[in-house]
Protein chains: 2
Amino acid sequence: MLTPIRKGSDYHHGDLRDAVIQVARDLIANEGVSALGIRRVALRINVTPAALYRHFQSLEQLRGEVSGRVRNEMAEMMIIAREKVGPASLSKTRSRARFAAIGDAYVAYARKFPRLFEIAFLTCDALPETEESLAWRTLEESLEELIKSGLLERRKSMKAATLAWSSIHGLASLVASQTISNKEYPVFRKSVLDGVQDAVFAR
Amino acid sequence: MLTPIRKGSDYHHGDLRDAVIQVARDLIANEGVSALGIRRVALRINVTPAALYRHFQSLEQLRGEVSGRVRNEMAEMMIIAREKVGPASLSKTRSRARFAAIGDAYVAYARKFPRLFEIAFLTCDALPETEESLAWRTLEESLEELIKSGLLERRKSMKAATLAWSSIHGLASLVASQTISNKEYPVFRKSVLDGVQDAVFAR
DNA sequence: AATGGGTGTTAACATTGTTTACATTATTGC
DNA sequence: GCAATAATGTAAACAATGTTAACACCCATT
């Protein structure tokens, strides 16, 4: 099945909902979260505003859906970056590099798409089913690799995860909100990475 | 001068702008950032919507103004918490306690007013004159105390500041966005505090 | 082939941010 | 003191928004 985007006639779109989320995502990425609107999205898809209400209960729910998709997108970027360094295979340097890669990918996303990072962690009144975060699971996998390669003691693992998560997220958030500028970024980055490594790896 | 809030007649409010920011702040604190609106604020102050345009160019600018006020409010909370432990006076334990106090106050604010913390670090298209952050200056003062009391080497000071700032902010942000729940919070808190102290204080 | 559920349209409504023209108060210069 | 002027409020209108209700069309199942 070639999953035709459109059926014969174009009265029915064929795959609204996905198209809506896609367009909404791009709208936010380019013009900020306040640029998201039912009518603006509808206009870009050449569809009537009311059509969107067949797939979303409200603008607020659409925002929540976009937020969820962005969180997944982030996690996928992290996984891709991790796989790029090659398999862990109990190698200390590999495991370490993979761990660093997912952290870097996290803040890289925030730097590249600050507006999307913003909505990913915005309190949404109507959020989709709160599945366990893929990003968090990825972090846990990485720590497991570090344990198995002998770089991290298991009893330190929880502390490592929470500190890494917090500080990396803080760095990403400060960058995305332009609280720290591009010029200040490198020194922040180095401090955070060193701090995390000191806490994670036994010395 | 007793700075009368209202003059004789009530055609002129006397101190709009401040009243507007105040009401806007409370509106966001209670109902979220999307609850902020020109007309809703005007209604609560018993003033015509157009009156607000004598003091703010747009809703966006008002949001920026509120954001700035909240950032100041946070810094004031930090300073109050710090002064509560008493003067540093070259005492190691005092300096250390004061340092911990400002960090705790930071995330305490995010826990108490998550919606306000949210807008404080939201990218605003129109932000007020970008004064140097009071919170950041407070952090620098605290580190200076640590240096003078012999707990921190000066060459480590920049790294300490940036790591502390990032990880504390990350913790606060994750809490405010409900990414981590109240139940998970304590273990996160402990990890971050330990991590910061390990990095800041020579061992 | 008929029917019914899914999906889109049309038209309307209330509410919003914003502007323009006007009214009232406060302040300043003589 | 008092007129001129700036500052600050109101009133009415406009375009754009989220949302809903009634209707139209398509597709799949019987």
Side-chain angles (χ1 to χ4, degrees), chain A residues 1-24 27-28 30-67 119 122 124-127, chain B residues 1-24 27-28 30-67 119 122 124-127:
Chain A
M1 255 236 276
L2 290 182
T3 67
I5 305 275
R6 295 224 173 201
K7 301 298 185 62
S9 115
D10 55 346
Y11 189 97
H12 283 45
H13 176 278
D15 194 15
L16 241 162
R17 182 175 173 92
D18 249 35
V20 167
I21 298 185
Q22 180 74 278
V23 168
L27 213 49
I28 293 179
N30 296 326
E31 308 179 37
V33 347
S34 59
L36 177 60
I38 294 286
R39 293 183 115 102
R40 298 187 62 166
V41 170
L43 211 74
R44 292 207 182 189
I45 314 188
N46 261 347
V47 151
T48 269
L52 273 66
Y53 286 86
R54 296 286 174 207
H55 304 271
F56 307 92
Q57 294 183 2
S58 65
L59 173 62
E60 195 57 27
Q61 196 218 311
L62 172 56
R63 277 192 14 173
E65 224 72 46
V66 175
S67 171
I119 204 192
L122 225 47
C124 295
D125 294 351
L127 65 168
Chain B
M1 254 235 276
L2 290 182
T3 66
I5 305 275
R6 295 223 173 200
K7 301 301 185 62
S9 115
D10 56 344
Y11 189 97
H12 282 47
H13 176 279
D15 195 15
L16 241 160
R17 180 173 175 92
D18 249 35
V20 167
I21 297 185
Q22 181 73 279
V23 168
L27 212 49
I28 293 179
N30 295 326
E31 309 180 35
V33 347
S34 59
L36 176 59
I38 293 287
R39 292 184 116 102
R40 298 188 63 168
V41 170
L43 211 74
R44 292 207 180 189
I45 313 189
N46 262 347
V47 152
T48 271
L52 273 66
Y53 287 86
R54 296 287 173 205
H55 304 271
F56 307 92
Q57 293 183 1
S58 66
L59 172 62
E60 196 56 28
Q61 196 218 312
L62 172 56
R63 279 194 10 175
E65 225 71 45
V66 175
S67 170
I119 204 191
L122 225 48
C124 296
D125 294 351
L127 65 168

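The chains referred to below are lettered A, B, ... by the order of the sequence lines, with proteins before strands, and numbering in each begins at 1.
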Separation of D/dA6 atom P from B/Arg54 atom CZ, nearest Å, is 13 Å
Flag side-chain contact, heavy atom, 4.5 Å: B/Phe56 against B/Ile21: yes
Spacing of B/Leu62 atom CG relative to C/dT18 atom C1', expressed in whole Å: 14 Å
Just the rounded figure in Å: distance from C1' of D/dC26 to CG of A/Leu16. 15 Å
Considering just the side-chain nitrogens and oxygens of B/His55, establish if one lies under 4.0 Å of OP1 or OP2 belonging to D/dG9. yes
Sorted by chain and residue number, the side chain to side chain contact (heavy atoms under 4.5 Å, CB included) partners of A/Thr48 (sequence neighbours excluded) come out as A/Ala50
Just jot down the side chain to side chain donor-acceptor pair (under 3.5 Å) partners of A/Arg17, sequence neighbours excluded, or say none. A/Glu65
Reading nucleotides 11-19 of chain D from 5' to 3' and marking B where a protein heavy atom lies under 4.0 Å of the base, S where only the sugar-phosphate is that close, and - otherwise, the string is B-B---BBB
Specify the separation, in whole Å, of atom CG of A/Leu52 and atom C1' of C/dT9. 13 Å
Residues which pass salt bridge (charged side-chain N to carboxylate O under 4.0 Å, His left out) with B/Arg39, listed by chain and number, not counting sequence neighbours: none
In this structure, how many angstroms lie between the P atom of D/dT8 and the CG atom of B/Asn46, rounded? 20 Å
N/O donor to acceptor pairs below 3.5 angstrom from side-chain atoms of residues 30-38 of chain A, sequence neighbours left out:
| unit_1 | atom_1 | unit_2 | atom_2 | d |
| --- | --- | --- | --- | --- |
| A/Asn30 | ND2 | A/Asp26 | O | 3.2 |
| A/Glu31 | OE1 | A/Arg40 | NH2 | 2.9 |
| A/Glu31 | OE2 | A/Arg44 | NH2 | 3.1 |

Atom pair OG (B/Ser58) and CG (B/Leu52), whose distance is rounded to the nearest 0.5 Å: 11.5 Å
